[in-house]
2 protein chains.
Amino acid sequence: MREISIGEAARQSGIKVTTIRYYEERGLLPAPPRSDSGRRMYDAATVERLGFIRHARDLGFRLEDIAELLALQGQPGASCAPADSLARRHLSAVRARIAALHALEMELERMVSGCDHTDTAHCRVIETLSDHARCIADHPAGVTGELDTAGARGAG
Amino acid sequence: MREISIGEAARQSGIKVTTIRYYEERGLLPAPPRSDSGRRMYDAATVERLGFIRHARDLGFRLEDIAELLALQGQPGASCAPADSLARRHLSAVRARIAALHALEMELERMVSGCDHTDTAHCRVIETLSDHARCIADHPAGVTGELDTAGARGAG
DNA sequence: CCTACTTTCTACAGCGACTGTAGAAGCAAG
DNA sequence: CTTGCTTCTACAGTCGCTGTAGAAAGTAGG
């Protein structure tokens with residue numbers, strides 16, 4: 001199974017053609033050999049690598065971190081401490097994000113459940129937003145802003 | 001208290017000067033009158049409006065939705081159904097996001113807890129990523145990709 | 001008045017991870 | 001040959017800002 005086209009690689013990995021090219025540009029994939037007419041020709045190993053990337057992306061890792069994980073994967077003798085540490089840091093970020101979203105969830109719940117659906121002059125939603133008394137806005141969680149796009153991938 | 005400078009408005013609302021200008025550009029704020037030398041002069045009502053925006057942003061509403069909420073706020077007789085519906089949709093998005101992040105959290109937990117810290121050849125983290133057997137990657141939650149930046153604001 | 005510092009102004013580039021567009025070329029089938 | 005799909009490059013757009021550059025205007029102290 002040599003000579004896999006970019007379209008075929010996309011089908012096998014579940015990553016779009018344009019995204020594959022983007023990963024190459026960002027250094028996550030080596031520049032592959034080209035056909036006479038200039039088309040990218042991939043091998044099975046590269047498609048494997050794409051699977052690794054997809055899985056890591058689905059877990060919300062950033063491309064920069066994925067590059068590091070790929071590098072670690074390539075050195076079979078090295079300590080796995082960096083990979084472990086990276087994953088743990090990411091887990092912390094995910095948890096912080098969940099906590100922050102829980103706070104939002106609660107305030108949003110209070111907002112919509114308290115609305116009696118008459119008109120905007122008495123709308124709880126508008127009222128809540130207009131009233132900037134202290135609420136989550138004043139202690140905006142310890143979220144570092146790191147984790148943002150996890151899980152937002154389309155189902156293809 | 002007429003003639004509030006942009007810097008003063010920023011201080012009072014907790015929104016940065018550059019962000020206020022950005023909101024104006026995006027149509028969330030009306031273009032304010034200018035001083036002789038061309039500087040923006042705000043009034044108390046606009047600072048109130050900024051407070052509304054900040055609160056809504058802290059709750060994770062998108063600027064486009066905030067513009068709609070602001071418009072609704074401005075028509076005291078209108079039905080609050082659109083605002084209510086918007087808030088409910090947003091709450092659903094937040095919940096979906098939490099669910100997706102919970103799935104990530106669990107897989108990340110399995111990953112880091114199973115790692116025995118020897119070397120990358122046996123690292124559970126690397127292994128898990130390399131093995132693209134079915135997992136969350138294959139049923140990537142019903143997250144629409146809508147909600148992403150909520151709560152990621154700095155503590156200023 | 002002069003200097004130094006701060007604020008404000010405009011306009012544009014950059015972030016992250018893509019997605020979409022435009023226009024050209026290659027390739028396979030009818 | 002034509003049609004239609006794939007691939008190519010290069011660049012703009014998404015979202016909600018943030019940062020930069022360079023200029024002008026304001027404020028405080030000497």
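Being a predicted model, the structure only gives us computed values, none of them experimental.
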Checklist entry - Hey, is Glu109(A) close enough to Arg95(B) for a salt bridge, meaning N to O under 4.0 Å? => result yes

Checklist entry - What's the closest nucleotide to the Val17(B) side chain, out of dC8(D), dT8(C), dT10(C)? => result dT8(C)

Checklist entry - Looking only at side-chain N and O atoms, does Arg40(B) come under 4.0 Å of OP1 or OP2 in dC9(C)? => result yes

Next on the checklist: Measuring only between side-chain heavy atoms, which start at C-beta, is Glu68(A) closer than 4.5 Å to Leu86(A)?
Outcome noted: yes

Next on the checklist: Here's a test of your reading of the structure: between Gly38(A) and Arg26(B), which maps to the more 5' nucleotide of DNA chain D?
Outcome noted: Gly38(A)

Next on the checklist: At less than 4.0 Å, is any side-chain N or O atom of Lys16(B) found next to OP1 or OP2 of dC17(D)? Yes or no.
Outcome noted: no

Checklist entry - Rounded to the Å, how far apart are Glu24(B) CD and dC17(D) P? => result 15 Å

Item to check | From dA25(C), dA17(C), dT7(C), nucleotide with atom closest to Arg39(B) side chain | outcome: dT7(C)

Checklist entry - Would you call Arg11(B)-Glu8(B) a salt bridge at under 4.0 Å N-O? => result yes

Item to check | Whole-Å distance separating the CD atom of Glu8(B) from the C1' atom of dT6(C) | outcome: 15 Å

Checklist outcome for this item: Separation of dG26(D) atom P from Asp36(B) atom CG, nearest Å, is 8 Å

Checklist entry - Would you say a side-chain N or O of Ser37(B) is under 4.0 Å from OP1 or OP2 of dA24(D)? => result no

Checklist entry - Arg62(B) side chain N/O closer than 4.0 Å to the phosphate oxygens (OP1, OP2) of dT14(D)? => result no

Checklist entry - Taking only N and O in the side chain of Tyr23(B), is any of them less than 4.0 Å away from OP1 or OP2 of dC17(D)? => result yes

Checklist outcome for this item: Among the nucleotides dT8(C), dT6(D), dA17(C), whichever has the atom closest to the side chain of Ile6(B) is dT8(C)

Item to check | Interatomic distance where OH belongs to Tyr22(B) and C1' belongs to dA11(C) [whole Å] | outcome: 15 Å

Item to check | Listed nucleotide nearest any side-chain atom of Arg21(A), set dC18(C), dC8(D), dG26(D) | outcome: dC8(D)

Item to check | Interatomic distance where CD1 belongs to Ile20(B) and P belongs to dT18(D) [whole Å] | outcome: 11 Å

Checklist entry - Between dA24(D) atom P and Arg34(B) atom CZ, what is the distance in whole Å? => result 17 Å

Next on the checklist: So does Ile66(A) get a backbone contact from the side chain of Arg62(A), meaning a donor-acceptor N/O pair under 3.5 Å?
Outcome noted: no

Checklist outcome for this item: In whole angstroms, the gap separating P of dC18(C) from CG of Leu29(A) amounts to 12 Å

Checklist entry - For residues Ser92(A) and Arg88(A), is any side-chain donor paired with an opposing acceptor at under 3.5 Å? => result no

Item to check | Residue mapping more 5' on DNA chain C - nearest nucleotide basis, Gly7(B) or Glu64(A) | outcome: Gly7(B)

Checklist entry - Whole Å only: how far is the CE atom of Met41(A) from the C1' atom of dT7(D)? => result 14 Å

Item to check | Spatial distance of atom SG (Cys80(B)) from atom CZ (Arg124(A)) [nearest 0.5 Å] | outcome: 11.5 Å

Checklist entry - Are OP1 or OP2 of dA17(C) and a side-chain N or O of Thr19(A) less than 4.0 angstrom apart? => result no

Checklist entry - Just checking Ser35(B): base, sugar-phosphate only, or nothing, at a heavy-atom cut-off of under 4.0 Å? => result nothing

